[in-house]
Structure formats: C-alpha cells, structure tokens
Amino acid sequence: MAVYEQIGKGYDLTRRADPDIADQLAVHLQIKSNSSYLDVGCGTGNYTLALAKHGGIWHGIDQSKQMIDVAMNKSKFVAWQVAEAETLPYADEIFSGVLCTLAIHHFAALTPVFQEIYRVLMGGNLVLFTATPEQMSQYWLVEYFPEAIYKSAEQMPSLENIRFTLNEAGFNSVNIKPYSISENLQDLFLYSGKYRPEIYLDKNVRSGISTFALLASADEIATGCQKLAADINTGRITEIVNKYENNHGDYLFVIADKVVNRANT
C-alpha cells in the first residue's frame, strides 16, 4: 500500500466525513455510549471521529502508517493502530459494532476479513459503505475515464459475493440500503461530483481518489479532463449526466448482524 502512504499526505484536503453519511452509519451501527466499536480501514479517521461523536469507545485500524499518523494527530481519544484487516489485533468478541467505509475493494479477499470481524464482534452489526460494479457502470465518469472506471469497477466485489462471504463468515442476516449522491456531499470520493462535474478538473480532488491516483494513466486523465472541460463549457455535460441516471443508488450500505444467543453458550 505504498501509494496510500503518499495519498495520506494530502488526503484531508478533499476528504472529510459527510454528515449525512455519518448519521446513517450511526443509525445502522446502533451506537451505545458504553460499548466499544471498531473502524476497519479507517484512513485518516474522518468517519471514526464523526461516529465517536454519537458515543461509544472507538478503535481504528489501517494498514497505512501515514494514514494512522494523521489520525493520531487529530485525536488521542480513539485507539489508533497500524494493522491488517485479515489479522485483527484484538481478542474475541470485544466490539459491539464494526464499521468499514469505501475499503473492501482494497482487501485481497473478503472471507478472511469478514471472518476476523465476526470473531471480534460480541454481537451487533458490521456496517459497510461501498459500491458494486453494477452501480459503477452507471457513473457518467465512464464517458471521460472509461479505462480507469472499468479497472475500478473490476476491483469492486459484487453484491452477490459480499452476501455470500458474509453468510459464510457466520453473519445472521444481510440488509442492503441504497445510497444516492446528494448535491452538497462533503466527502469528495469517486462519484461525489455526480452533480458537480467541475471538481474532477481539480488535481487535489483527483489525488484523494484511489481510482485516479492508482488506476488512471496520465494520458487518460489529460484527455478525459480536456473533454470534460469542453462539455462543461458547452453545457453538454447536463445531457451526459441525465443519460446515466441510476434509480438503484450510486453506493450502498450493507448491514450484517451477528446475533449471539448467550443462553446456549
């Protein structure tokens, strides 16, 4: 993850916790003030800290030391740690909920990660925020950066695969809640500019998005931005955006619960 060591240096210039997404995550986690929670792939801790405002005792792990260093400078009230999601450095059944936002596509395999999360959960929800390949194929960005979006979508686990591996890991049920981009989204991740196409012309915005930082060639970015700028100037971008309207959400929340019957243990 050497690239994320580099991305982490300027990550917070454009990446921050969106209040609406944070509120929805809090509802799905069912946060209680005296319980412990874990953010897997926490990055610089933006959502960890936003969720901590809702209560609970929080831990955050990421495999990027750069990201964790930034998070540590923000707050000492969260227990930050450099660690791998496949080998969580925690005892069994100590968390009441686990969070993972926009990160599962970076894991080599879902099964060992979900098994580890199941192990450290004493009961409660695992909440994922992610996108599926099917959703990404409906991003209008494919008009301008087709190869990068294709490569990015190829990395994303399908919803079928997510469901299967969660059930395989032992989770009792899996619920799906679609999420559609709002016009005032504050966290500038990949499709955050759905209604603000001009943001993709900003190098700082692109540098905080792994699709552009990791997968897009310099030539594709240059050509795509030139075409995008021209379409914004002529107004053709409105036609492009409307062409890719998606009624099934741009991202989704996945809520998987672990129910433990203590009477039988």
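Starting from 1, each residue takes its place in the sequence as its number.
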Considering only NZ, NE, NH1 and NH2 on the basic side and carboxylate oxygens on the acidic side, decide whether [X] and [Y] come within less than 4.0 Å.
{"X": "Asp187", "Y": "Arg15", "value": "yes"}
{"X": "Arg119", "Y": "Glu116", "value": "yes"}
{"X": "Asp69", "Y": "Lys65", "value": "yes"}

Less than 4.5 Å apart, any side-chain heavy atom of [X] and any of [Y]?
{"X": "Asp202", "Y": "Leu188", "result": "no"}
{"X": "Phe212", "Y": "Leu190", "result": "yes"}
{"X": "Ser36", "Y": "Ile94", "result": "no"}
{"X": "Val40", "Y": "Phe107", "result": "yes"}

Of Leu99, Leu51, Leu25, which is the lone residue that meets side chain to side chain contact (heavy atoms under 4.5 Å, CB included) with Ile31?
->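 Result: among Leu99, Leu51, Leu25, Leu51 is the only option passing the side chain to side chain contact (heavy atoms under 4.5 Å, CB included) with Ile31.
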
Using side chain to side chain contact (heavy atoms under 4.5 Å, CB included) as the criterion, point out the one residue from Thr211, Ile181, Thr101, Asp18 that pairs with Phe189.
->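 Testing Phe189 for a side chain to side chain contact (heavy atoms under 4.5 Å, CB included) against Thr211, Ile181, Thr101, Asp18 leaves exactly one candidate, Ile181.
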
Which pair of heavy atoms, one from Asp250 and one from Ser180, lies closest together, and at what distance?
->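 Looking at all heavy atoms of both residues, the shortest contact is OD2-CA, 3.5 Å.
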
Shortest non-hydrogen separation from Leu110 to Pro157 and the atoms involved |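 Looks like CD1-CB, 3.7 Å.
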
Hydrophobic cluster identity match, [X] and [Y], side-chain contacts under 4.5 Å:
{"X": "Val27", "Y": "Leu121", "value": "no"}
{"X": "Tyr150", "Y": "Leu141", "value": "no"}
{"X": "Ile199", "Y": "Ile149", "value": "yes"}

Have Tyr244 and Glu143 got a donor and an acceptor in their side chains that come within less than 3.5 Å?
->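 Distance-only check passes for Tyr244 and Glu143.
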
Side-chain donor-acceptor pair present, Ser64, Gln66, cut-off under 3.5 Å =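 Short answer, no.
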
Result of checking Tyr90, Tyr37, Trp58 against Phe95 for ring pair (Phe, Tyr, Trp, His ring centres under 6.0 Å) |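 Only one option passes, and that is Tyr90.
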
Heavy-atom neighbours of Gln226 CD exceed 12 at 6.0 Å =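 At most 12 heavy atoms, drawn from other residues, nucleotides or ligands, come within 6.0 Å of this atom.
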
Residues, nucleotides or ligands: over 12 heavy atoms within 6.0 Å of Lys203 NZ |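 No.
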
Is a side-chain N or O of Thr223 found less than 3.5 angstrom from the main chain of Glu220, in a donor-acceptor match?
->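 Side chain of Thr223 to backbone of Glu220, a donor-acceptor pair under 3.5 Å: no, none is there.
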
Within 45° of the axis and under 6.0 Å from the centre of the six-membered ring of Tyr144, does NZ or CZ of Lys227 qualify?
->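 Lys227 over Tyr144 ring: yes.
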
Is the gap between the ring centers of Tyr251 and Tyr191 under 6.0 Å?
->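 Here the rings of Tyr191 and Tyr251 have centres that are no less than 6.0 Å from each other.
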
So how far is it from Leu185 CG to Arg196 CZ, rounded to the nearest 0.5 Å?
->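 Output value for this atom pair is 6.0 Å.
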
